[in-house]
Amino acid sequence: MLHQTERAEIVMSSDGPAEKSFGSDYFAALNPEQRAAVVHEGSPLLILAGAGSGKTRVITTKIAYLISQKNVDPRSILAVTFTKKAAEEMAERAVNLVPEAAFAQIRTFHSFGAWFLRKYSDEAGVDSNFTVYDDDDMVTLVSKAVPSLAKNQAKHAAHVISLAKDYCLTPDSSRLSEIESDPDFPAIYTAYEKRLRQTGNVDFGDLIQLPSLVIASDERIRRQIHYRFRVILVDEYQDSNVAQFKLLQAVAGVEDNSGTYVCVVGDDDQSIYKFRGAEVKNILTFKDFFPGTTIIRLEQNYRSTAPILAVANTVVKNNQGRLGKKLVSVRGKGKQPVMVFLPNQDDESAFCAELITKAHTKGCPYNEWAVLYRMNAQSLGFETEFLHRNIPYTVVGSLKFYEREEIKDVLAFLSLIANPRDEISFRRIVNKPARGIGAKTQDRIIDAAQHENGRDGRLPSLVECAQRHSSSLSKKAREGVAGFVSLVDEFSAFLAERSADTTSADEEVAPAAREILQAAQAEPAAGQKADEEKLSVFIKKIIVKSGLLEYHTAQDEIAGTQRAANMQELVNSAVLYPCTLSGLLDFLERIELDHTLEENGNTKNSDSVTLITLHNTKGLEFPRVIITGLESGVFPRQDKTGGELEEERRLFYVGITRAQNQLYITSCRERRLYGRTEHMLPSPFLSELGDTVKILGRKPSPFRDYSGFNDSPQQSDDPLVQKWCRGTRIYHDDFGYGQIVNTVTKDDNYVITVQFENGGRKCFMPRYQAGTLMIVKD
DNA sequence: CCCGTCGTTATTTTT
DNA sequence: TAACGACGGG
């Protein structure tokens, strides 16, 4: 699925004979701007890198250049990205250029935060064996901290808490009101934080927020960090949030005159994660916070043909407040992109299927194609159609392997062994399979633990606490607790014993690089590991002895699910980890910080069409791309205020710039949405395409209102449908003014639904309403 | 404690 | 439409 990019990148990085020495061949492969970015020094650097302009190559070459030409200690280089995939790719390519790059810290933001927090856990007030709570765990914890909240209230509160952390707002911040008007929110946030700190664990926001707070308040650590990191490189900088910006500032130490070199790479036109707290502002105002910033623009695009870039440029220029940049195609001429209007989504799927099939008969492999859509639900139609026509496809991102119940159960067991204060994991598995320890008993144990008040206000081990208090429980619960305690103890003891003599020599090699090193040298050794030394064997024992395997196998038989097999897959994924406490922590952290399933060999090699949301395409490229569902309300999702519309437009821009050779855009006049068939208006973005696209299909009537397509002859099968279309303002003799909000054809009768300004909603058949209903012209 | 039924609710989501 | 959560009965 994602291998296209990889394959292309690998080819790029291994061309030229300069594998060993960092010769002039490397520079020959770069254009003048790229070269300038690589050798730049002496001031902060902002690289504005357009889509497909070779930014990863610039960063990796820069790392290699610093190490081999400037004698920079690789351990003093910190390179951060947003995804694990990007980190791995960067590490791989840098190591290919210069092997010592394996000692550079090439990590995701969150993985860097985790590294920091384990190193300085005492100062940060967390357990050094912490695990990371995901969004679901946050909701559970909010519910426990503030029991009066209903489930959806807790959900909302948890969401706002993570947003608060994205903006680096603590519970006592007066600015919380800017993101949540509920006056109770600060109290909820406070209660949540207290409860979270009691467990010793962290949430995602903490991985960023806590390090920056620690660096700001602890001078000793601040000095250590500034001494350690002399070069900081940030990729995808346009998607950094306030907390990440603060962390960057803290680590860079501009105000302390640390002399650390900072280089960020980003593209303001590709900022698509505002809803997750990303701030384009970070890129627009970078030079204000890093005085003397040099700006280098990379505008030569190596990915797409000129006609595709023409579409991209013409769309994105409609956004205000950009730094301004125009992509120029290195590749030049190509096929003109095509805009296709279709009657409905079934025709849309069929159209895509036919395009792909036709190309396939001419020798085009399926994996050259990607079908892009705004929301995951849209994939279903394509899946049905492709299945029907025997077109192989891979849906990217909808697999929620680690969100499956059985997987979360196993992970909870492992997390509890790592950190026995973990309230959420304790609750999750203490009564699974049923041991007679219901919610009430669980509450009693947690209450008791809170009263015991462990070190630093943290809870004591919940397993030990349960045992201490078992005498006060019912007989059934007592037996259950005894069984559970001995189960956990057995595995904890086993792990502790095996961990006693291990050292953490690997600590200085970032995980992304570690995997490369392992793959390069230690493959056979890993395979020959004794069973007892493999974490996978340990986990397998756990799922058997805990009864989880039996429990879920029983579920499989009832519901025909694959739970046992899924658990086995989780076991398999631990095969390369050592059976030690630090091996367990590594394993858990890898999963917590990257929910995407490890690509196994056959998906990588299979020839299939990629079905993917627009968001998920960031950083990818495909020879042929179809962007679907260009309808108002679907994409852009709602006609919202300017800022949000601009973000949708950037998303469109990202989609367009994924295409290398061919681009298709589709729009339907009708779509089934939430069980209803709705008439759709074309996306407002389509009116911005001008003559950069070739148009196929009959343009829908409302399209006459958009500039750029006025030349098309109007056709319609029914004048009523043309006249009484969705969005039209009307006046009714009895009910007053209103707007057509929906239209349906039922038994040959065209029926419209009108929302009146007086609040009422009525259906009419226009053919019988000539007297009382009229269209208002404005 | 488990199972059925009814009602509600639908984005995007690197970590 | 469909999928999931809340609730009540066995």
Side-chain angles (χ1 to χ4, degrees), chain A residues 2 80-89 107-114 132-139 150-152 154-155 159 162-163 165-166 202-209 235-241 243-244 247 266 270-278 345 372-381 384 396-398 400 402-403 405 431-439 476 551 554-555 558-559 589-596 612-620 629 633-638 640 644 647-648 650-652 654-655 671-678:
Chain A
L2 308 161
V80 286
T81 64
F82 280 82
T83 67
K84 194 186 147 207
K85 192 170 201 67
E88 279 171 358
E89 187 188 313
R107 292 176 177 267
T108 66
F109 256 114
H110 289 85
S111 149
F112 172 73
V132 184
Y133 282 146
D134 67 15
D135 294 356
D136 286 344
D137 298 331
M138 283 183 79
V139 176
K151 182 142 196 200
N152 55 348
K155 215 170 172 178
H159 176 247
S162 33
L163 208 58
K165 293 189 177 189
D166 285 346
V202 299
D203 57 26
F204 275 115
D206 287 337
L207 290 173
I208 309 297
Q209 193 182 30
D235 195 12
E236 304 282 10
Y237 182 69
Q238 76 282 352
D239 284 321
S240 61
N241 59 35
Q244 286 159 338
L247 180 58
Q270 292 188 67
S271 171
I272 54 173
Y273 282 100
K274 178 86 192 282
F275 67 96
R276 293 277 285 186
Q345 69 193 39
L372 279 47
Y373 38 80
R374 179 66 237 266
M375 44 190 179
N376 279 314
Q378 286 169 261
S379 77
L380 205 68
T384 319
V396 175
S398 69
K400 291 175 187 152
Y402 295 107
E403 275 155 48
E405 182 186 341
N431 199 34
K432 205 168 195 177
R435 296 185 179 88
I437 311 171
K476 202 167 150 202
Y551 175 89
Q555 298 285 315
I558 299 163
E589 192 172 301
R590 196 217 79 206
I591 290 168
E592 286 152 359
L593 298 189
D594 179 28
H595 275 206
T596 60
I612 189 169
T613 63
L614 283 144
H615 279 91
N616 268 326
T617 62
K618 200 173 86 169
L620 306 181
V634 173
F635 188 26
R637 191 148 201 282
Q638 280 147 18
K640 287 187 203 162
E644 280 169 313
E647 176 137 327
E648 295 278 310
R650 289 194 290 270
L651 192 56
F652 190 28
V654 167
R671 183 174 290 278
R672 281 190 305 278
L673 223 51
Y674 308 137
R676 284 187 179 285
T677 303
E678 308 236 26

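Residue numbers begin at 1 in each chain, while the letters A, B, ... track the order of the sequences. Atoms considered below: every heavy atom in the structure, side chains included; atoms not considered: hydrogens, waters and symmetry mates.
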Under 3.5 Å: donor-acceptor pair, side chain of A:N431, backbone of A:G436 = yes
query = Under the 3.5 angstrom rule, does the side chain of A:E88 hit a backbone N or O of A:K85 as a donor-acceptor pair?
reply = no
query = Between B:dT11, B:dT15, B:dT14, which nucleotide gets closest to the side-chain atoms of A:M375?
reply = B:dT11
inquiry  = On DNA chain B, does the nearest nucleotide to A:H615 precede the nearest nucleotide to A:L207 from the 5' side, or the other way round? Give the residue.
reply    = A:H615
note = Its 5'-most and 3'-most nucleotides having an atom under 4.0 Å from a non-hydrogen atom of chain A, DNA chain C is contacted over C:dT1 to C:dA6
Distance, rounded to the nearest Å, where A:I208 contributes CD1 and B:dT14 contributes P = 15 Å
key: Whole-Å distance separating the OH atom of A:Y237 from the P atom of B:dT15   = 20 Å
ask   = Distance check: side-chain N/O of A:N616 vs OP1/OP2 of B:dT13, anything under 4.0 Å?
value = yes
inquiry  = Ring centres within less than 5.5 Å and planes less than 30° apart: is that true of A:F275 and B:dT13 in this structure?
reply    = no
remark   = A:R676 atom CZ is separated from B:dT8 atom C1', nearest whole Å, by 15 Å
task = Measure from CZ on A:F204 to P on B:dT13 and round the result to the nearest Å.
result = 15 Å
A:E647 CD to B:dT12 C1', straight-line distance once rounded to whole Å = 9 Å
ask   = Whole Å only: how far is the CZ atom of A:R671 from the C1' atom of B:dA10?
value = 15 Å
remark   = Separation of B:dC1 atom C1' from A:N431 atom CG, nearest Å, is 10 Å
request  = Name the nucleic acid region contacted by A:K151, choosing base, sugar-phosphate or nothing; use a 4.0 angstrom heavy-atom cut-off, strictly under.
outcome  = sugar-phosphate
query = Can you list the residues that meet the ring-ring contact (aromatic ring centres under 6.0 Å, His included) rule with A:Y373, with sequence neighbours excluded?
reply = none
ask   = Once you round it to whole Å, what is the distance between P of B:dT13 and OH of A:Y373?
value = 9 Å
request  = Can you measure from CD (A:Q244) to CD1 (A:I208) and round to the nearest 0.5 angstrom?
outcome  = 4.5 Å
inquiry  = If the condition is salt bridge (charged side-chain N to carboxylate O under 4.0 Å, His left out), which residues does A:K155 pass it with, not counting sequence neighbours?
reply    = none
task = Give me the one residue out of A:K274, A:K618, A:Q270 that meets side-chain hydrogen bond (donor to acceptor under 3.5 Å, both in side chains) with A:D239.
result = A:K618
note = Looking only at B:dC1, B:dT11, B:dT13, the nucleotide nearest the A:R637 side chain is B:dT11
task = Select base, sugar-phosphate, or nothing to describe what A:D134 touches, counting heavy atoms under 4.0 Å on all strands.
result = nothing
key: Upstream residue (5' side of DNA chain B) when A:A434 and A:T613 are each assigned their closest nucleotide   = A:A434
inquiry  = For the backbone of A:S271 and the side chain of A:R650, can you confirm whether one donor and one acceptor N or O come within less than 3.5 Å of each other?
reply    = yes
